[in-house]
Amino acid sequence: MTVQAVRVHRFTQPETLVVERVDPPASAGGVIVAVEVASVNPVDWKTAEGAYAPVGEAKLPITLGRDLAGTIETSEIEGWTPSDRVCAFIGQDRGAQATRVRVTAEEMTRIPDPVSTDIAGALPLAAMTAWQGLFDHGGLETGQRVLIHGAAGGVGHLAVQFARWKGCTVFATAAADDLDFVASLGADTVIDYRSQRFEDVATGLDLVFDTQGGETQARSFATLKPGGILVSTLDPDEARAAALGVRTVPRWHAQPDAVALGRVLDLVVEGAVRVEISRRFKLDAVEDAHRFARNDHPRGKVILVV
Ligand SMILES: NC(=O)c1ccc[n+]([C@@H]2O[C@H](COP(=O)([O-])OP(=O)(O)OC[C@H]3O[C@@H](n4cnc5c(N)ncnc54)[C@H](OP(=O)(O)O)[C@@H]3O)[C@@H](O)[C@H]2O)c1
């Protein structure tokens, strides 16, 4: 039996996506998940445009997507059985935007009963990026002052809530329409990135979480106190950081981490974190989903219902 998948056969700008039938995945020591929700992330269109370095031409054709939620159909892993509800951030050797996907033990986490499949599918990649950026790379500690750029976006809206949960003072940048939304997530000070200069408001910071790069990142270094750290989800300017006596982290990519993902799901259950889903699309409307995510300024996440 074949499976349906979102495929990229050649890199184009903008991206060209094909929803087609492909061979089913072999379980190969993992589980096969019947996918119910896969999320849409900027890495999807960067990959499809040939702008994501780890996926070069030699890897085409590929299935897109890095995170999902669904139900285990078959299992070769002890302790995991058919009908278990799971979510996962999977390696880039596979794609999550398909009806069936192989998942390994290190990648998946059980979905707690109160958490919907939509929320669990929207969460993994964005949550691991925010979590690893703030805590693993940035070493964020209780009581610190942090600035989060792009705070209404998929990664940013979770980063604001993680920093708030950690007991930090949170400054956040967002578009004018999103200021109330970001304040409702727990940011202490929300700054309109178009009409205000964030560096006039956010000063003496321990950590900047940069999801924008470019000019926003360049201006952000001045907001850090001596020895403070800028963690970017894009390319950090290490030379500038060194010249200014602040720290940064070399280019990194979020990694699957089933334990940390479980911790985040617990926070969702406890009510400390909520996941905003801007819009749901059917799998075969994936091109519309990309256009919406890229052009229509969604809040939080966009998901595909498979
Ligand atoms: N290194 C990694 O492992 C990793 C992992 C995940 C994501 N990323 C990268 O991180 C970036 C963010 O990802 P995402 O999923 O959060 O994207 P997203 O959902 O598209 O969110 C981006 C947010 O940034 C806002 N924004 C645009 N220009 C801004 C500015 N000048 N100042 C402040 N905010 C601004 C957007 O607001 P508007 O509504 O105004 O457009 C939007 O809310 C992407 O480039 C992605 O590729 C890297």
Side-chain angles (χ1 to χ4, degrees), residues 15 39-49 51-55 64-67 89-92 96 122-138 147-162 170-182 185 187 189-199 201-202 208-220 223 230-236 248-257 260-261 275-279 289-303:
E15 68 275 32
S39 90
V40 173
N41 295 288
V43 69
D44 297 339
W45 55 84
K46 291 180 186 179
T47 300
E49 288 185 338
Y52 180 61
V55 182
L64 277 190
R66 295 293 303 276
D67 50 356
F89 174 16
I90 65 170
Q92 48 126 69
L123 195 61
L125 185 152
M128 291 302 91
T129 307
W131 188 272
Q132 291 166 15
L134 292 176
F135 302 129
D136 300 346
H137 297 296
L147 168 63
I148 291 159
H149 287 303
V155 174
H157 89 292
L158 296 169
V160 167
Q161 297 176 83
F162 295 163
V170 182
F171 298 85
T173 59
D177 284 353
D178 290 323
L179 300 183
D180 289 345
F181 166 65
V182 174
L185 301 173
T189 306
V190 192
I191 303 157
D192 176 348
Y193 71 78
R194 288 200 183 85
S195 69
Q196 284 176 281
R197 284 171 51 82
F198 59 79
E199 57 271 55
V201 182
V208 174
F209 188 61
D210 163 42
T211 58
Q212 304 300 318
E215 191 214 331
T216 298
Q217 181 189 110
R219 288 166 46 207
S220 293
T223 66
L230 180 140
V231 179
S232 181
T233 60
L234 301 164
D235 285 320
T248 189
V249 181
R251 183 81 167 109
W252 55 281
H253 295 285
Q255 300 297 324
D257 179 345
L261 183 54
V275 182
E276 181 77 8
I277 297 177
S278 181
R279 218 170 132 182
H290 274 220
R291 266 193 295 276
F292 175 77
R294 300 182 74 162
N295 304 326
D296 291 358
H297 307 281
R299 269 183 200 160
K301 294 289 306 175
V302 174
I303 60 171

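Counting starts at 1 for both ligands and their atoms, following the listed order. Position 1 is the first residue of the sequence; numbering continues from there. Basis for what follows: all heavy atoms, side chains included, without hydrogens, waters or symmetry-related copies.
Contacts between Thr233 and ligand 1 below 4.0 angstrom, taking non-hydrogen atoms only, involve backbone and side chain alike. In Gln212, the part holding a heavy atom less than 4.0 Å from any atom of ligand 1 is the side chain. Counting heavy atoms closer than 4.0 Å to ligand 1, residue Ala254 contributes atoms from both its backbone and its side chain. In Arg299, neither the side chain nor the backbone holds a heavy atom less than 4.0 Å from any atom of ligand 1. Counting heavy atoms closer than 4.0 Å to ligand 1, residue Leu125 contributes side-chain atoms (C-beta onward) but none from N, CA, C or O. Residue-level proximity to ligand 1 for Lys46 is carried by the side chain, the only part with a heavy atom below 4.0 angstrom.
Classification of the Phe162-Phe135 ring pair by plane angle, with boundaries at 30° and 60°, yields tilted.
For Arg194 (side chain) and Ala174 (main-chain N/O), no donor-acceptor pair under 3.5 Å exists by modelled atom type. Side-chain atoms of Thr211 come within 3.5 Å of backbone N or O of His149 as a donor-acceptor pair. With hydrogens and angles ignored, the 3.5 Å screen pairs no side-chain donor or acceptor of His137 with any backbone N or O of Val249. Here the side chain of Asn41 pairs no donor or acceptor atom with the backbone of Asp44 at under 3.5 angstrom. Using a distance-only test at 3.5 Å, with no hydrogens or angles considered, no donor-acceptor pair links the side chain of Ser278 to the main chain of Val302. At least one donor-acceptor pair closer than 3.5 Å links the side chain of Gln217 to the backbone N or O of Asp235.
At a 4.0 Å cut-off, not a single heavy atom of Lys301 sits close enough to ligand 1 to count as contact. The closest approach between any non-hydrogen atom of Ala126 and ligand 1 is not below 4.0 Å. Look at Arg194 and you'll find a heavy atom under 4.0 Å from some atom of ligand 1. Within the structure, ligand 1 has Thr173 among the residues with a heavy atom less than 4.0 angstrom away.
Listed by number with element, the atoms of ligand 1 under 4.0 angstrom from any heavy atom of Ala152 are 43 (O). Atoms of ligand 1 lying under 4.0 Å from at least one heavy atom of Thr211, given by number and element, are 11 (C), 12 (C). Counting the atoms of ligand 1 from 1 in the order shown, those under 4.0 Å from a heavy atom of Ala175 are 40 (O). Contact atoms of ligand 1 toward Arg251: 1 (N) (distance under 4.0 Å to a heavy atom of the residue). Close contacts of ligand 1 with Thr216, meaning ligand atoms under 4.0 Å from a residue heavy atom, involve 31 (N).
Annotation: the span from Arg299 atom CZ to Leu185 atom CG amounts to 9.5 Å, rounded to 0.5 Å. In this structure, OG1 in Thr189 is found 9.5 Å from CD in Gln196, a value given to the nearest 0.5 Å. Separation of atoms CG (Leu158) and CH2 (Trp131) is listed at 11.0 Å; rounding is to 0.5 Å. A distance of 10.5 Å separates CG in Asp136 from CD in Gln255, rounded to the nearest 0.5 Å.
Considering backbone and side-chain N/O atoms, Leu234 never comes within less than 3.5 Å of an N/O atom of ligand 1. Between Trp252 and ligand 1, a contact under 3.5 Å exists for at least one N or O pair. By the 3.5 Å distance cut-off applied to N or O atoms, Tyr193 is counted among the residues near ligand 1. Considering backbone and side-chain atoms alike, Val43 places every N or O at 3.5 Å or more from each N or O of ligand 1.
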Review point. Can you check side-chain contact (heavy atoms from CB on, under 4.5 Å) on Phe209 and Thr233, steps first, answer last?
Key: CA-CA 8 Å; Phe209 188 61; Thr233 60; 3.7 Å; yes
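Two residues are said to be in side-chain contact when any heavy atoms from C-beta on lie closer than 4.5 Å; Gln212 and Tyr193 fail this criterion. At a threshold of 4.5 Å between non-hydrogen side-chain atoms, the residues Asp257 and Phe89 do not count as touching.
When only non-hydrogen protein atoms are considered, atom 17 (O) of ligand 1 lies nearest to Pro42 CG, 3.5 Å. The nearest protein atom to atom 19 (O) of ligand 1, hydrogens excluded, is given as Gly154 N, 2.9 Å; this is a heavy-atom distance. Among all non-hydrogen protein atoms, the one lying nearest atom 41 (O) of ligand 1 is His297 ND1, 2.7 Å. What sits closest to atom 16 (O) of ligand 1 on the protein, heavy atoms only, is Val155 N, 2.9 Å. The protein non-hydrogen atom at the shortest distance from atom 6 (C) of ligand 1 is Thr129 OG1, 3.4 Å.
At a distance under 4.0 Å, no protein heavy atom can be found next to atom 36 (C) of ligand 1.
The local environment of CG in Asp296 is crowded, with over 12 non-hydrogen atoms from other residues, nucleotides or ligands closer than 6.0 Å.
The residue among Gly153, Ala159, Ala151 with a heavy atom at the shortest distance from atom 43 (O) of ligand 1 is Gly153.
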